[in-house]
Amino acid sequence: MSSIPAIELKGITKVFGHIVANKDVDLVVMRGEILSILGENGSGKTTLMNMLAGIYYPDEGHIFIDGKEVNISSPKDALDLKIGMIHQHFKLVDVFNAVENIVLGITDGKYDIKASKKKIKETCEKYGFEIDLEKKIYEMSVSEKQTVEIVKALYKGADILILDEPTAVLTPQETQKLFNVLRKMREDGKSIIIITHKLHEVLEISDRVSVLRKGEYIGTINTAEADEATLTEMMVGAKISLDIERSEPQNSVDRLIVKGVDLYSKEGVQVLHDISFTAKSGEILGIAGISGSGQRELLEAIAGLQKISGGEILYNNPKTNAQEDLKDKTPMQIRNLGVRLSFVPEDRLGMGLVGNMDIIDNMMLRSYKKGKSVFLERKKPKELANKIIDDLQVVTPDAKTPVRKLSGGNVQKVLVGREIASSPTVLMAAYPVRGLDINSSYTIYNLLNEQKEKGVAVIFVGEDLDVLIELCDRILVICGGAVTGIVDGRTAKKEEIGLLMTKGHGGEAK
């Protein structure tokens with residue numbers, strides 16, 4: 001490892017209006033090392049890396065690459081300095097194949113696809129990438145798309161790679177493949193920075209860990225000297241428990257019964273294939289699957305937001321002891337039946353909340369039709385908004401702040417709090433902790449457990465298999481819109497679930 005840092009940041013400050021995203025941050029990244037950057041939601045991790053990638057420009061401070069001070073005012077400047085960033089949301093052209101995406105934007109002379117393909121293959125062989133260069137992006141899995149992005153950065157000469165939440169939607173097997181590639185790149189002298197929330201992965205893959213808290217640099221520790229408790233305390237500033245206490249289901253009854261559900265997209269593509277399962281009162285049913293496997297469509301079908309083309313969705317109503325058929329009913333018709341399906345959708349500001357409305361008005365979206373007067377009653381929604389702000393520690397000036405001005409994690413807290421407050425009998429939560437820091441995530445897990453203990457049937461769609469195994473009583477695994485298995489959360493292994501996530505159609509639920 002060279003004694004001269006590949007990257008050195010000194011006194012980096014970035015301000016957006018009244019919000020200080022980064023304050024006087026120092027950071028060092030050496031050649032031939034993997035550095036993880038940890039921090040709570042809103043701690044400034046991505047903002048700091050976006051300044052290295054030329055997306056933002058620092059208000060104060062200095063950036064040094066290989067000991068020389070540089071000015072990075074655009075992504076092109078970053079690339080000229082051999083810095084490449086792989087974002088959470090890939091920047092690929094869906095109708096192009098891998099080769100076309102990799103060479104896209106290169107302006108040095110004419111495109112020579114044949115020569116480019118040879119060079120790309122050499123890169124793939126060198127680091128152990130597995131990729132079909134002729135495959136269209138829209139035909140690829142998330143893992144394959146990520147591979148294209150990394151190869152694209154290497155093809156364009158990157159020696160410093162920044163990966164933002166690279167394992168968020170990968171199976172354990174795909175994660176291990178990625179880590180093997182990163183280790184080979186480290187051996188080749190590349191500098192790799194990983195932004196992630198997954199502490200066990202940090203401890204497995206990185207050489208050192210740097211921690212940010214509320215935009216400020218807290219410190220760097222050698223991974224060999226760290227554990228999850230140490231890293232959490234550095235991030236939060238206090239010791240917190242990382243245990244999820246799973247209680248045993250009590251007096252469970254079948255609350256929601258899904259039988260042979262099929263669903264087609266507007267384009268006529270089948271996205272759900274013969275889905276069958278039962279959600280029981282007083283239990284948490286997890287749903288695991290690679291992103292885009294039909295999780296969102298399944299929950300939307302149950303909530304009445306999408307019409308199924310075949311099968312049944314039945315609800316055993318605890319008030320009437322009658323079984324209600326939910327198929328083809330609108331969300332309002334479902335609510336009028338007395339079915340309390342609370343839905344925390346994947347798209348927080350799409351279906352979940354209205355960005356231009358304040359927190360109080362977003363509470364009223366769930367209750368305004370109950371009033372008998374033509375005048376809207378704001379006292380109870382205001383009380384609820386303030387209770388959610390206090391209980392979930394929502395960072396906001398007050399309850400009258402427009403939701404769009406909150407960070408993604410705080411938007412999620414408002415949404416989850418509102419849905420739980422509606423006293424559901426079935427609570428469906430899609431990625432409820434996405435974008436949340438560790439402390440807030442465990443608050444949400446505890447809330448879901450409280451609902452379970454109240455007899456609510458909880459359906460939890462998650463992407464962290466460790467959490468699914470620790471939190472859920474049973475885990476339904478889907479791949480390509482079909483059920484490939486249902487496993488016991490108490491005995492399940494990550495590798496077992498990972499295999500089911502990539503099994504394809506034809507698996508039988510147990």
Side-chain angles (χ1 to χ4, degrees), residues 247-263 272 274-287 294-345 351-352 363-372 380 384 415-430 432 447-461 471-476 478 483 486 509:
S247 58
E248 290 296 322
Q250 301 293 324
N251 304 317
S252 288
V253 297
D254 293 349
R255 183 65 65 220
L256 188 74
I257 303 156
V258 176
K259 293 182 178 179
V261 164
D262 294 324
L263 187 145
L272 295 179
D274 193 26
I275 296 280
S276 297
F277 67 91
T278 300
K280 301 175 182 291
S281 64
E283 110 172 330
I284 299 179
L285 174 69
I287 298 182
Q295 301 96 313
R296 177 176 59 81
E297 290 84 357
L298 175 58
L299 266 60
E300 288 180 358
I302 296 170
L305 297 169
Q306 290 209 41
K307 288 193 174 183
I308 62 175
S309 56
E312 296 179 289
I313 301 175
L314 305 172
Y315 169 76
N316 289 327
N317 194 328
K319 279 191 174 182
T320 63
N321 290 322
Q323 189 170 78
E324 311 283 3
D325 185 358
L326 306 188
K327 183 179 178 182
D328 294 333
K329 288 185 170 58
T330 65
M332 187 54 64
Q333 288 172 326
I334 290 173
R335 289 181 67 83
N336 289 340
L337 281 172
V339 180
R340 304 304 299 269
L341 290 173
S342 287
F343 182 40
V344 180
M351 293 176 195
M363 296 302 110
M364 293 174 67
L365 289 176
R366 274 287 187 233
S367 60
Y368 77 97
K369 287 184 179 288
K370 295 180 183 178
K372 296 179 181 179
K380 288 184 178 179
L384 176 59
L415 180 55
V416 172
R418 185 191 70 181
E419 296 305 308
I420 287 177
S422 69
S423 301
T425 53
V426 177
L427 173 66
M428 300 190 296
L447 287 172
L448 295 179
N449 264 324
E450 287 174 11
Q451 294 300 299
K452 165 188 168 178
E453 290 168 5
K454 290 178 180 178
V456 175
V458 180
I459 300 175
F460 172 78
V461 181
L471 177 69
C472 301
D473 299 289
R474 293 181 299 137
I475 302 169
L476 173 81
I478 61 176
V483 175
I486 298 179

### Query
Closest heavy-atom contact between Asn321 and Pro318?
OD1-O, 3.9 Å
### Query
Is any side-chain heavy atom of Tyr315 less than 4.5 Å from a side-chain heavy atom of Thr425?
yes
## Note on the structure
d(Phe277 CZ, Leu256 CG) to nearest 0.5 Å is 6.0 Å
### Query
In chain order, what residues pass the side-chain hydrogen bond (donor to acceptor under 3.5 Å, both in side chains) check against Gln323, with sequence neighbours excluded?
Asn316
### Set of residues satisfying side-chain hydrogen bond (donor to acceptor under 3.5 Å, both in side chains) with respect to Gln306, sequence neighbours excluded
Glu300
### Query
Are the side chains of Val416 and Leu448 in touch, meaning some heavy atoms are under 4.5 Å apart?
no
### Task
Locate the shortest heavy-atom distance separating Gly294 from Ile478; write the atom from each residue and the value.
C-CD1, 4.0 Å
### Task
Find out whether Asp262 and Leu272 are in side-chain contact, i.e. whether some heavy atom of one side chain is under 4.5 Å from a heavy atom of the other.
no
### Query
Minimum heavy-atom separation for Gly260 to Ser276, with atom names?
N-OG, 2.8 Å
### Summary
Residues at least two apart in sequence or cross-chain that pass side-chain hydrogen bond (donor to acceptor under 3.5 Å, both in side chains) with Ser247, listed by chain then number, are Glu453
### Task
Identify which one of Ile287, Leu263, Ile459 satisfies the side-chain contact (heavy atoms from CB on, under 4.5 Å) criterion when paired with Leu298.
Ile287
### Task
Not counting sequence neighbours, which residues clear side-chain contact (heavy atoms from CB on, under 4.5 Å) with Gln250? List them please.
Glu248
### Query
Taking atom CD1 of Ile334 and atom CG of Leu305, what is their separation to the nearest 0.5 Å?
8.0 Å
### Query
Taking only residues two or more places apart in sequence or in another chain, which ones pass side-chain contact (heavy atoms from CB on, under 4.5 Å) with Lys307?
Asp328
### Message
Tell me every residue that passes side-chain contact (heavy atoms from CB on, under 4.5 Å) with Glu312, counting only those two or more places apart in sequence or in another chain.
### Response
Lys259, Leu314
### Task
Search all heavy atoms of Ile275 against all heavy atoms of Val483 and return the closest pair with its distance.
CD1-CG2, 3.7 Å
### Message
Please check: side-chain N/O of Ser281 versus main-chain N/O of Arg255, any donor-acceptor pairing under 3.5 Å?
### Response
no
### Message
The criterion is side-chain contact (heavy atoms from CB on, under 4.5 Å); which residues satisfy it with Lys280, sequence neighbours excluded?
### Response
Ser252, Asp254, Thr278, Glu283, Arg474
### Query
Under the side-chain hydrogen bond (donor to acceptor under 3.5 Å, both in side chains) test, which residues partner Asp473, sequence neighbours left out?
Lys452, Arg490
### Exercise: identify the closest heavy-atom pair between Pro331 and Ala303
CG-O, 3.6 Å
### Summary
Rounding to 0.5 Å, atoms CD (Gln295) and CG (Leu476) come to a distance of 9.5 Å
### Query
Which heavy atom of Leu285 sits nearest a heavy atom of Cys472, and at what distance?
C-SG, 4.5 Å
